[in-house]
There are 2 protein chains.
Amino acid sequence: MNSLTEENYLKALFNLAIENGEVSVNELSKHLQIKMPTVTSMMKKLAEKKLVSYESYKPLRLTEKGRREAALVIRKHRLTEMFLVEKMGFGWEQVHEIAEQIEHIHSPEFFEKMDELLGFPRFDPHGSPIPDKTGKMEWLHYSKLSDCKIGDTVRLAAVTHTSEDFLKFLNARELKLGLKIKIKTIESFDGSMLVSYGKHSSEHLSGLVCERLLVEKE
Amino acid sequence: MNSLTEENYLKALFNLAIENGEVSVNELSKHLQIKMPTVTSMMKKLAEKKLVSYESYKPLRLTEKGRREAALVIRKHRLTEMFLVEKMGFGWEQVHEIAEQIEHIHSPEFFEKMDELLGFPRFDPHGSPIPDKTGKMEWLHYSKLSDCKIGDTVRLAAVTHTSEDFLKFLNARELKLGLKIKIKTIESFDGSMLVSYGKHSSEHLSGLVCERLLVEKE
DNA sequence: TATTTGTATTAGTTTAATCTAACAAATATA
DNA sequence: TATATTTGTTAGATTAAACTAATACAAATA
């Protein structure tokens, strides 16, 4: 059984490793806001438990076991977010912090029941896929809005950041998952865009925002 | 903000102090399965925080602040148990362990929402009163079944133990809250009873079981 | 009252998870 | 290539929460 702390390290490794599977001590340290020596010693501990493959001065990598256990924590997080939104009436901007705590509850039955009541959802309220009970997660083929071209019409499929502030910003502009968005102009120097969607015929989105929106091309 | 550990000490003090308000280090130590020196040092810490009044070799007592904070943890526990039973379909024998973990979640909104969805319940699935947001709890005037006389007809109002084993035992005999129970005979040497209720015209209940059932006299 | 028994405290150790300071290795730059 | 910068590790300290062993106090009993 992993401690709450260990679960947080595994989760962070999983999320940071999306690209190439490798994570540096420095990255992990910054992401968790924990100093590097602490991270190094935790990596040794997780390596002992066969959850991380660790060699001095080499990049970190989850083992298959580590990846599975991380995915199961993420499963609990995402099921919780979905439950909070669908069954308890929370907004998608309110659920991250609560799920951050509930993901550490040790009770398979509790999460099984959520899954069942939700009808075995495949995605959470932010569009992220929910890993299955064995830790397998279906892979997304979404693009960043920032990688699209002028004239593209795309469907908003997911957001990569789930902080309250960012989601309130999207709420204020009625930007919801599933929306069709048309790209009118792109400012090449800062990556900002002018887009239209729903009743909004002309909204300006900064480059940062465009980076955080994942879309499906038609 | 109290730690999970501190919350568990407060809760234990609250529950043990039901009788006269005083608790010994020894009692608390046994209840929590933590050795006495550890308890002593935690009491000093909680006294520093003005949650417990502590003097060497004197009985322990929660301060008003301590009582309020303990009641709020118990509120979270009982709301959770009610939510698990009423909204998620768990049996009353399954909820204690899960609530034991969820009671430590720090999110007023989460428990407010539960309360609202449940319609502001006053009792949990085991018949225990749910403290209000200010930490006030209505006081029960129930009797133990073991204190009743032959011929009494009583209503089962609450159980004082919530372990899975004990509640499964009650389930197996279809003993549920609200039932009318008639006492047919009492064995004075062991306190066991022969009772009738619902479709059960003659069930034998041990003295221990009778001690754990709280009833309302008609 | 003296002694035994049970209860509580003190002192010192352990483990998990954090930190800072100092040093070492790897990478980037002049 | 030599040096500077960034990244990573080692060593040692700190805090919370637990422990054991030894000691002190309080209550019960002879």
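In what follows, chains carry the letters A, B, and so on, assigned in the order in which the sequence lines appear, proteins first and then strands, with residues in each chain numbered from 1.
- Considering only the side chain of K35(B), dC19(D) comes nearest among dA8(C), dT7(D), dC19(D).
- T5(A) comes within contact range of the sugar-phosphate backbone alone, with a heavy-atom separation under 4.0 Å but no base atom that close.
- Nearest to the side chain of K30(A), among dT20(C), dT10(C), dT7(D), sits dT7(D).
- Contacts of K58(A) with the nucleic acid, taken as non-hydrogen atoms under 4.0 Å apart, are absent.
- Of all the residues in residues 47-57 of chain B, Y54(B), S56(B), Y57(B) reach under 4.0 Å from DNA chain C with at least one non-hydrogen atom.
- Residue contacts shown for S41(A) include a base, since a base heavy atom lies under 4.0 Å away.
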N/O donor to acceptor pairs below 3.5 angstrom from side-chain atoms of residues 135-147 of chain B, sequence neighbours left out:
residue : atom : partner : partner atom : Å
E138(B) : OE1  : R122(B) : NH2          : 2.8
E138(B) : OE2  : R122(B) : NE           : 3.0
E138(B) : OE2  : R122(B) : NH2          : 3.3

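- At whole-Å resolution of the value, CG in L32(A) and P in dG8(D) are 14 Å apart.
- Residues satisfying the salt bridge (Lys or Arg N to Asp or Glu O under 4.0 Å) criterion with E109(A), sequence neighbours excluded, are absent altogether.
- A straight line from CG of N26(B) to C1' of dA26(D) spans 13 Å, rounded to a whole angstrom.
- Protein atom OH of Y9(B) is 8 Å distant from nucleotide atom C1' of dA18(D), rounded to whole Å.
- Q33(B) places its CD atom 12 Å from the P atom of dA18(D), with the value rounded to the nearest Å.
- Not counting sequence neighbours, the partners of E64(A) by the side chain to side chain donor-acceptor pair (under 3.5 Å) test are R67(A).
- Under the 3.5 Å distance criterion, the side-chain polar atoms of R78(B) are matched with a main-chain donor or acceptor of P129(B).
- At whole-Å resolution of the value, CG in L46(A) and P in dA16(C) are 12 Å apart.
- The side chain of P37(B) lies closest to dA11(C) when the candidates are dA8(C), dA11(C), dC19(C).
- Base pairing analysis places dA30(D) opposite dT1(C); the two distances defining the Watson-Crick or G-U wobble pair are each below 3.5 Å.
- Distance L28(A) CG to dT18(C) P: 11 Å, rounded to the nearest Å.
- Considering only residues two or more places apart in sequence or on other chains, F166(A) meets the side chain to side chain contact (heavy atoms under 4.5 Å, CB included) condition with V159(A), H161(A), S163(A), L170(A), V209(A), R212(A), L213(A).
- In this structure, E27(A) atom CD and dG8(D) atom C1' are separated by 14 Å, rounded to whole Å.
- Ring centers of H96(B) and H126(B): at least 6.0 Å apart, outside the cut-off.
- Between dA8(C) and T40(B), no contact under 4.0 Å exists linking OP1 or OP2 to a side-chain N or O.
- In this structure, the side chain to side chain donor-acceptor pair (under 3.5 Å) partners of K30(A), at least two apart in sequence or on a different chain, are N26(A).
- Taking atom CE on M36(B) and atom P on dC25(D), their separation rounds to 15 Å, with Å as the unit.
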